[in-house]
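The next block holds one structure in the form of structure tokens; read it before the comments.
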Amino acid sequence: MSLLSNDLLAGMNPPQREAVEYRGPALLIVAGAGSGKTRVLTHRIAGLIQNREAWPSQILAITFTNKAAAEMRERVEQLIGQASRGMWISTFHSACVRILRSEAERFGFTKAFTIYDSGDSKALIKRLVKQHEADSYGLTVSSVMGRISKLKNELADAESFARQANMSDPVERVFLEIFASYEREMRRANAFDFDDLIAQTVFLFRSFPEVADTYRRRFRHILVDEYQDTNHAQYALIHELTRPIEDRIAANDRSPAMLLPVMDAASLTVVGDSDQSIYAFRGADIRNISEFERDFPGAKVVLLEQNYRSTQNILSAANAVIGNNFDRLEKHLFTTAGDGQKITGFTGYSQHDEARFVAEEIEDLHRQGMAYGDIAVFYRTNSQTRALEELLIRSAIPYRVLGGTKFYERAEIKDAMAYLTSLANPYDPIAWSRLLGAPKRGIGPMAEAHLAMFQEAQGISFHEAMRRADEIGFGPKVRGAILELGGLLERAMRMALGGGGADAEGQEKRPAPVAEVLKLILDETEMIEKLRAKRDPQDEARAENLEELVSVAREFDVRNPGAGLLEFLTEVSLVAAADELDDRSGTVSLMTLHTAKGLEFPAVFITGVEEGLLPHQMSVDEVGGVNEERRLMYVGITRARQRLFITLASTRASYGDIGVALPSRFLQEIPDHLIDWRQSPGEVTSRGGTESRALNAPRGEGGRYGGRPSRPSGRAESSVAFGRGGASSGSAALAEPASGGMQSALDTWRERKRLAKEAQAAGGGFPNMVGASIRDNGDLELAPGDRIRHEDYGEGRVTGITGEGSKRVAHAVFDSVGERKLLVKLSPIKKI
DNA sequence: CCAGGGGCGTTTTTT
DNA sequence: ACGCCCCTGG
């Protein structure tokens, strides 16, 4: 008795159907990795609309990243078209911003509040730590920040904290003072930090039940994705929204019995997988999902266990690893896709050796017809990207790094954004203080302090304080600079508020496009010109970043006609690492295991699978830390569709010096027969490694890795080249790339990376990664038939040349490793 | 007030 | 090894 039209249920397995069709107050979908949960969610939403069970405006679907929200919106749109308009499909944070923007005035903020990113919060906390001389109590900026964040995620504020804190401890007292000042300053600045967005929305609902009721009345169907990652504040928010609406007039009778429900609670659907909970460190509470049935009595639970993504070998490895977490609900992922290929394992001597293997395997996959965009490389920590990038550049493999230093965190971008932020919220001291010094214009800390004092005493905005600089008494030079800047802000403000230049008859009150406001600021401050005038080559890239920001603003204006600064600032504040993925066409994706969650790729490399790195050293001492790391490994494995590579190194440089690395315990949890070792950990040490085997041997069942002959594989001989091949110039040379003849021509790593970036931005296509300024192999003449010597591969013959100038690529066949593609300009090659 | 150099802390993961 | 912060000298 299907309620739904067949096309919404076509091709679904029975539990999937049930998850789409079930109707009731609460539904928990336990969705194993790759079990089609997004499909289930989108079809469930489409069903509600198609069946006329709900209006689009009654639907609230919540995800963790903008990327996931965008994908869900797109897929719902594919199913029901225009009817999807009016739904809220967004992240927790953007949904809360939307609510707060319209309700902020009720509790002392304005709708133009600023959203502080962690850098902004840090700047403020830093100031407070200094003011309270908290470092003498052992309080650091990051510890204070972490603690405040944690408290907010638990919905504590300074007041509630004070009630239960141990006030006889002076450290606690100082911390409390800082916490309280932080709250005061945020209020004065008209700003919220990331954690506030959620917590303040909960406070809003609790203090203004009638406000909460309007949202309860509106959202009749609430769906939450990645429920295992919700923290307490997010959990409370969902709870507030799913309360029944009560009759408040009756409640005024002081008789609780008169609190009659007048409207049922909204229906709640949550999707999650406790095996993929990897955000405990930022307050995610796994109990939110494991105790769902207790929280919502009568809840229906549906298990999705059939995996549609990976081969059986990959799933078996994933199941084996996660099976070592004892505190979990047993799940059995299965597939009908067949075994597929084995997992490939490789152990390098160093992270460079490991990276070289990754680069070579990527090339092999590519040669076999796999698109670069179908390949991803994962790692535990961002610092691991260096070695990987170096080898990818050298091998002329196009790649992009997701996450890492984000565009909007760059200093020059933050400088420019500070102007826009300050226009929207002239009471924000962080933005204002930032723009004063960018670019340098002679307004220093002294001048800033005087202005700030004046601003506070007069109760005016920072902008007005600047316009009245005469009343403070600065030297003529400083005063001039302040007045000029104040004038610029005033003009920009007028433009942002109403009518960029439109002055004819009807005074247009429409805001000017964001790009034009930004352009005015950049032009008048000459930020770009000043950067270009400097000698540091990095500054050219910075200037380009600012130009890029203008085009970002332009795109925004086109996408959101009539929208103003506020919308732009909100969007910029809430973009996340995984959101950048859109244009992954033709490039290999590098990212942390955390960023990888929710994504999938035909081929996946998990690198650095070593004790101390995965599991990370920091986690080993924490309660439950290793289990969370194991889930991280599980997430990584289950991203792979067909091919999985697991790599590690036997030595790894950290903090500047090199140490021995041991194979990860997780590696030993994968059954032997699933891995095809190109070079096992045992082989590395027994054949030329620098450490004794005993040091490298895994604990427990000894000898698992020891000296086992590598399996016959199509490329058995190539493993020779990776490690020991041209013994004289093997990985040792790689580890010290600056040594000797050819290598001395190479510039520093930074320079190369910068050039690669420049070229990638300029030409779009790869491999045009090298600028003209670098001195190296650029003029090396090569023609088909030439013999060459490569520092790592030994001798070979050139078979062809493609590309021109600095992006010339030599195709060569090496005696030891076979066919390779090399960027002439950067590869360690010599004609012989 | 600012530029450049030396010293120090850093690397767990992020909305 | 790197980047950031602080301090000094101009």
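A, B, ... follow the sequence lines: proteins, then strands. Residue 1 opens every chain.
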N or O in side chain of [X] less than 4.0 angstrom from [N] OP1/OP2:
| X | N | answer |
| --- | --- | --- |
| A:Lys130 | C:dC5 | no |
| A:Thr595 | B:dT14 | yes |
| A:Asn382 | B:dT13 | yes |

### Message
Both A:Leu632 and A:Ile443 contact DNA chain B. Taking the nearest nucleotide for each, which residue is further toward the 5' end?
### Response
A:Ile443
### Query
Where each residue is assigned the nucleotide of DNA chain B containing its nearest heavy atom, which of A:Glu629 and A:Arg441 is assigned the position nearer the 5′ end?
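Comparing both residues, the 5'-ward one is A:Arg441.
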### Query
Planes under 30° and centres closer than 5.5 Å, is that true for A:Phe281 with the base of B:dT13?
yes
Rounded to the nearest angstrom, tell me the gap between atom [atom1] in [X] and atom [atom2] in [N].
| X | N | atom1 | atom2 | result |
| --- | --- | --- | --- | --- |
| A:Gln384 | B:dT13 | CD | C1' | 12 Å |
| A:Glu226 | B:dT15 | CD | C1' | 13 Å |
| A:Glu610 | B:dT11 | CD | P | 19 Å |
| A:Lys126 | C:dC4 | NZ | P | 11 Å |
| A:Glu390 | C:dA1 | CD | P | 12 Å |
| A:Asn231 | B:dT15 | CG | C1' | 10 Å |
| A:His594 | B:dT15 | NE2 | P | 11 Å |
| A:Leu593 | B:dT12 | CG | P | 15 Å |

Measure from the side-chain heavy atoms of [X] and tell me the nearest of [options].
| X | options | answer |
| --- | --- | --- |
| A:His93 | B:dA3, B:dT12, B:dT15 | B:dT15 |
| A:Thr592 | B:dT15, B:dT13, B:dT12 | B:dT13 |
| A:Arg282 | B:dT14, B:dA3, B:dT11 | B:dT14 |
| A:Met446 | B:dT14, B:dC1, B:dT11 | B:dC1 |
| A:Phe194 | C:dC5, B:dT12, B:dT15 | B:dT15 |
| A:Ser383 | B:dT14, B:dC1, B:dT11 | B:dT11 |

### Check: A:Val609 main-chain N/O paired with A:Arg380 side-chain donor or acceptor under 3.5 Å
no
### Task
Would you confirm whether A:Asn425, through its side chain, and A:Asn190, through its main-chain N or O, come within 3.5 Å as a donor-acceptor pair?
yes
### Query
Should A:Ile178 and A:Val129 count as side-chain neighbours, where that means a heavy-atom distance under 4.5 Å?
yes
### Task
Indicate whether the side chain of A:Tyr215 and that of A:Glu103 have a donor and an acceptor atom separated by less than 3.5 Å.
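Yes, because at least one side-chain N or O of A:Tyr215 sits under 3.5 Å from a partner of the opposite role on A:Glu103.
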### Task
For nucleotides B:dT13 and C:dC4, find the distance between their P atoms and express it as a whole number of Å.
15 Å
### Message
So A:Lys477, base contact, sugar-phosphate only, or nothing? Heavy-atom distance under 4.0 Å.
### Response
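It contacts nothing in the nucleic acid.
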### Query
Touch check for A:Lys122, heavy atoms < 4.0 angstrom, all strands: base, sugar-phosphate only, or nothing?
nothing
### Message
Please determine whether a side-chain nitrogen of the Lys or Arg among A:Asp225 and A:Lys37 lies less than 4.0 Å from a carboxylate oxygen of the Asp or Glu.
### Response
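A salt bridge is present here (some side-chain N lies under 4.0 Å from a carboxylate O).
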### Message
Any carboxylate oxygen within less than 4.0 angstrom of a Lys/Arg side-chain nitrogen, looking at A:Glu669 and A:Arg630?
### Response
yes
Protein and nucleotides 8-10 of chain B: nitrogen or oxygen contacts under 3.5 angstrom:
none

### Query
So which heavy atom on A:Ala387 is nearest to which on A:Ala355, and how close?
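Minimum heavy-atom contact is O-CB, 3.5 Å.
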### Task
Mind telling me whether A:Trp432 and A:Phe462 have parallel, tilted or perpendicular rings, with 30° and 60° as the class edges?
parallel
